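Here's the structure, in C-alpha cells; my notes come after.
All values reported here derive from a predicted model rather than from experimental measurement. Atoms within a ligand are numbered from 1 in the order they appear, just like the ligands themselves.
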Amino acid sequence: MNAAHRPGTALRSPASERNRQPILEVLQRVLPARGAALEIASGTGQHVAFFAAALPGWHWQSSDVTDAAFGSIAAWCAQLAVANVAPPVLLDASAPRWPVTGPELAPASLDAIYCANLLHIAPWAVCGGLMRGAARHLAPRGVLITYGPYLEQGVPTAQGNLDFDADLRRRDPAWGVRAREDVEAEAEAAGLRLVERVAMPANNLMLVFARGLVNRPGEPGAVQIGGKALRVGAGSRPLHERLFKLEAIAPRRISRIKGYERFPVVAAEKSVL
Ligand SMILES: C[S@@+](CC[C@H](N)C(=O)[O-])C[C@H]1O[C@@H](n2cnc3c(N)ncnc32)[C@H](O)[C@@H]1O
C-alpha cells in the first residue's frame, strides 16, 4: 500500500458539503449510466467519494497537482466504502502531458472529466492546459464538466463573486474569477465546445463541454479530413453518421471539424450558447 492508498484524516470543506448534492443531480442528468471519469483537482476527495457512491456504474480516477490531501481522498473513499475510485495520481492540469496510469487514462479513452473550483485558484494558463488535456484524453463522445464561479457578459455579477475575485487577486495576482466567455474560447481553441450551462446555487455555474463533432443548431458544418476541406450543410444526417464512423476509425486524419452536433443542447440553455 503506497501513500496514495493509505487513509489519513478525512478533511472537510464546508463548500463541498453544500454543493455536492446539486452537482450530483446535474451529473446524474448529463452522464450516461456507466463510464470512466477522471477528476482533476480532487482536493479533499469529498466530491469523488460522494459521486462514486451515488454513480456505481462509473469508475473514477482522482488526481491533484499535490499529494498533500491524498490521505484525505483515501479516507473519504474508505468512509463511504466505495470501491470504484482509483488511488489518486499526481496530475498538473496545465502540463502538456497527463500521466497515463492505466487504459482509462490513455488518450481518447475517458467518458468524462470533472473539475471543480480550479480555474479561479490557479494561473490562467491552467485553463488552456485543462482544455487541451481534456481534448486529448476524452473519448470521442466524452464530456468535460467544470464547476465554479464565473463572470459572464450580460449577466449581473453577484457581489459575492466580485468580493471573492478581489480576495483571490489579493492572495495571488495570477488568480481570479474567470470570464465564462474566455474559458469557452480556450475550450474552442482546443477542439471542445460548450454544450450546456447550468446555473448553480451560490452564483456558481456548471459548464459541460463536448469533444469533437458538435455544432450550434443550424450552423453549417466545415470539416477538414486529411488536408481536404469538405463543407456540408447542417442536418445532412447520412454524412454525420459517416463522419462519426470515420472519426472512430481514423481520428488523427481529421484535423479540423466544425459542424456536427453530437451532444444535445438543452433547450432552456440555448439562449446563452
Ligand atoms: C479549491 S480546491 C478544490 C478542490 C475540490 N475540487 C473541491 O471543489 O472541493 C483547488 C484544488 O486545485 C488543486 N490545483 C491547483 N492547481 C492545480 C493544477 N495546476 N492542476 C491540478 N490541480 C490543481 C489544488 O491542489 C486544490 O486541491
The answer for which part of S16 has a heavy atom under 4.0 Å from ligand 1 is side chain
Pick one of side chain, backbone, both or neither for how L91 approaches ligand 1, counting any non-hydrogen atom pair under 4.0 Å.
backbone
Flag if over 12 foreign heavy atoms under 6.0 Å of CD, Q153
no
Where ligand 1 meets G43 - atom numbers and elements under 4.0 angstrom, heavy-atom basis
4 (C), 27 (O)
So for H47 against ligand 1, with non-hydrogen atoms under 4.0 Å, the contacting part is side chain
Regarding ligand 1, does D64 bring an N or O atom to under 3.5 Å of one of the ligand's N or O atoms?
yes
Identify the protein heavy atom lying closest to atom 20 (N) of ligand 1, giving its residue, its atom name and the separation to 0.1 Å.
A93 N, 2.9 Å
Donor-acceptor contact present, side-chain R169 to main-chain D167, <3.5 Å:
no
Is any side-chain heavy atom of Y150 closer than 4.5 Å to a side-chain heavy atom of L119?
yes
Whether the side chain of R136 engages the backbone of P96 through a donor-acceptor N/O pair (distance < 3.5 Å, no angle test) should be reported.
yes
Given a cutoff of under 4.5 Å between side-chain heavy atoms of I, L, V, M, F, W and Y, with clusters grown through shared members, what are the other residues clustered with V177?
I121, L151, F164, L168, W175
Salt-bridge criterion met for R29 and E196 (N-O under 4.0 Å):
yes
Please report whether ligand 1 has a polar contact with L118, defined as an N or O pair separated by less than 3.5 Å (distance criterion only).
no
With only distance considered, is A122 within less than 3.5 Å of ligand 1 through an N or O on each side?
no
So, Y147 and H47: side-chain donor and acceptor under 3.5 Å apart, yes or no?
no
Please confirm whether A41 comes within less than 3.5 Å of ligand 1 when only nitrogen or oxygen atoms on both sides are compared.
yes
May I ask you to identify, for V65, whether its side chain, its backbone, both or neither come under 4.0 Å of ligand 1 on a heavy-atom basis?
both
Numbering as shown, the atoms of ligand 1 that approach I121 to under 4.0 Å (heavy-atom distance):
10 (C)
Only counting residues at least two apart or in another chain, list the ones meeting ring pair (Phe, Tyr, Trp, His ring centres under 6.0 Å) with W76.
none
Distance from atom 10 (C) of ligand 1 to nearest protein heavy atom, with residue and atom
N117 O, 3.4 Å
I'd like to check whether D92 has a polar contact with ligand 1, where a contact means an N/O of the residue lying under 3.5 Å from an N/O of the ligand.
yes
